[in-house]
Structure formats: C-alpha cells, structure tokens
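Accompanying notes for the structure given below.
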Number of protein chains: 2
Amino acid sequence: MIKHSKQRDAIIERLSDRTDHPTAETLYQELKEELPNISMGTVYRNLNQLASLNKILIVRSPFGPDRYDPIPNQHPHFFCTNCFAVLDLDVDKNRLLATGQEGFKGEIQDCISSYYGLCPDCLEKLKLKH
Amino acid sequence: MIKHSKQRDAIIERLSDRTDHPTAETLYQELKEELPNISMGTVYRNLNQLASLNKILIVRSPFGPDRYDPIPNQHPHFFCTNCFAVLDLDVDKNRLLATGQEGFKGEIQDCISSYYGLCPDCLEKLKLKH
DNA sequence: ACTAATAATAGTAACGATTACTATTATTAT
DNA sequence: ATAATAATAGTAATCGTTACTATTATTAGT
C-alpha cells in the first residue's frame, strides 16, 4: 500500500515535462534546492518504484550511469557521442520488433534500441567548421 | 607495442567458437583450470584490449553483468527473460539503422539493439505444458 | 646469447553506481 | 486520537569493473 510523500511528488514534478533524460545524481542535486535533506537513497527508491509502476522509464546508457525518462513506454533513444545528450527517437517500434522477429523461433516481447552518433546540434556545428 | 602472453592466448581460445556470450566471471572460472594463478584483472584487461582492437565485442546486458562475444562487429542480441540465455540475432542491421535515421536530423553511426522475450527453447517448453 | 627496455602479470586496493539496512518520521485507516 | 506501517535520512554494503604496484615475461637491438 502506497503512502503519499512530498519527496516522491518533488521527484515526479522534477522529471515530468523534460526531455534531457537526467541521471539520478542530476535529479538529486536539483531536488536538494527545495528539499535540502533529501537523500540519494530516496531518489533511487522512488525512481525504481515509479519505474516498476510503469510511470517512468529507466534508460541504460552505453556511456555512463542510468538516465530517467518521464515517458514510461520503452522507446528508442539516441546517444550523442560528442556531447553525450540523450534524445528520444520517434521511430516505429513495431517495425523494429518485426525486423527482429523475422526468422527467429522464439517470442520477442520487446526491444531496447540505442542509436548513437552525432546529434543534430553537434552535426550542425561540425558542418560549420568546413 | 603489444607483447605476446599465454594468458591472452587462453582468453582468446576460450572465447572463440562459442555462442553463449559468457561473463568475465565465467571465463575466469574456466581459465583458472588451466592457469590457476590467472587473475580477474588480467581477464578484464585483455577483454578490454581485445575489444578496443575490434577482435571481440562487449555486450551490455539489460539483466546483469557484461557478456563477451567472439563476433567483433556490433549486432543485435536476444536476451531470454526466462533462462537468461543471450543469443545472436541474425538481423539486417542496415534496416534497423535506416528505420532509426528516418526523420532524424543527426547522424546515426550505429545502434545497439537488444531484443528480449522467450528464447526458442523456453517457448517450446512452455507450449508443451498446455 | 645477453642485455635493456618495457608490456603483461598477480594480487590487491579503489572506484562509481546502486542497493540494503536501521532507527526515526510521516501518512493513513480505523 | 491511536495504531499500523510506508517512507525517510543517513549510512553501510554490494556488485562489476578499473587502477595501482611490485614482479615477471617477452621482445628488440646488440
């Protein structure tokens, strides 16, 4: 049975409506400003709880600690190898699933797709250098 | 400048021709039988070196420690949520890349695709239960 | 072959990210 | 109000992995 807590409210509030996929550490540093005594354990405990309730998504980064996404359904992400930004990719996941399922005898339930390269900003900056 | 070592030879030999994607720990336990003094550091150091020379692939598992793959090019893997087997998926990666690139303004260089669900064996066993 | 230079090693310590523990505090149902 | 119990802060512990250090093994040049 879940009880209300202002820490959890603050965590949800901090994470919602952002697209930068912060780390637990980033959230913790920001949350300390409004709740000076909040602890890392509380941040992790609530993020894990929210994830298991399918309210947020834990995004495992190939380049560092986990990121957190307010969009709860599993979707592809793009990791910039230059500035380390994490972006949501608007990709038809059913096509990715269908591609994976082709010729595979098991049952594919889902996929985690991590694309990487240069994000639009870094690509643009690189082009301007020429 | 790289110098020869029997430990590295043994690691390469152990990993080659297998498809079970062992962990560093698994390799270490097996290697100890022929080289009782080999250390975890040596296993990791060589696996990392081989990976940076593109001779093997490090496979980050969503469900536990890293796995190692003698096939060095980045390719999709399937993770069984029932028996935790890791399988190579024979998927046309160019299609996955193309799907990801659609409508994305940045430059996609590669992707790590992790599918999961029931492997052929576990699916078959489940079917027999009915 | 001998020697010098240095890569690789075993063993151990340290690390970063995350989880677990514990006594206390806050929320909720009655 | 009270009792039951989630949730907390603070801290310790864990896991997988990397870094350090003194020693050993391999190689290049004589």
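All chains are named by letter (A, B, ...) in the order of the sequence lines, taking the proteins before the strands, and each is independently numbered beginning at 1. Quick note: numbers below take in every heavy atom, side chains included, and nothing from hydrogens, waters or symmetry partners.
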*Parallel, tilted or perpendicular for Phe78(B) and Phe104(A), by the 30°/60° rule?*
tilted
*Rounded interatomic separation in angstrom, taking CG from Asp66(B) and P from dG16(D)*: 10 Å
_Phosphate-side-chain proximity, Thr42(B) and dA10(C), N/O vs OP1/OP2 below 4.0 Å_ = yes
_If you take any heavy atom closer than 4.0 Å to DNA chain C, which residues from residues 23-33 of chain B end up in contact?_
none
*Whole-Å gap separating P (dT27(C)) and CG (Asn46(A))*: 13 Å
*Please name all residues satisfying side-chain contact (heavy atoms from CB on, under 4.5 Å) with Asn94(A), sequence neighbours left out, ordered by chain then number.*
Asp92(A), Leu97(A)
*When the distance from CG of Leu50(A) to C1' of dA7(D) is rounded to whole Å, what number comes out?*
13 Å
*Return the set of residues passing ring-ring contact (aromatic ring centres under 6.0 Å, His included) with Phe84(A) (not counting sequence neighbours), or none when no residue passes.*
none
*Could you tell me the separation between the CD atom of Gln49(A) and the C1' atom of dT19(C), rounded to a whole number of Å?*
15 Å
*Hey, does the side chain of Asn37(A) come within less than 4.0 Å of dT25(C)'s phosphate (OP1/OP2), counting only N and O?*
no
*asked:* Looking at Gln7(B), I'd like to know whether one of its side-chain N or O atoms comes within less than 4.0 Å of OP1 or OP2 on dA10(C).
replied: yes
*Report the distance from atom CD1 of Ile11(B) to atom P of dA8(C), rounded to the nearest whole Å.*
12 Å
*asked:* Within the structure provided, determine whether Leu27(B) and Arg18(B) are in side-chain contact (heavy-atom separation under 4.5 Å).
replied: yes
_Would you say that more than 12 heavy atoms from the other residues, nucleotides or ligands in this model lie under 6.0 Å from the CG of Asn73(B), or not?_
yes
*Mind grabbing the angle between the end helix axes of the helix from dA1(C)-dT30(D) to dT30(C)-dA1(D)? Five pairs an end, 10° rounding.*
40°
Review item, nucleotides 18-20 of chain D N/O atoms under 3.5 Å of protein N/O:
unit_1, atom_1, unit_2, atom_2, d
dT18(D), OP2, Asn48(B), ND2, 2.8

*Parallel, tilted or perpendicular for Phe63(B) and Phe79(B), by the 30°/60° rule?*
perpendicular
Under 3.5 Å, N/O pairs linking protein and nucleotides 25-30 of chain D:
unit_1, atom_1, unit_2, atom_2, d
dT26(D), O2, Lys3(B), NZ, 2.9
dT27(D), OP1, His4(B), N, 3.1

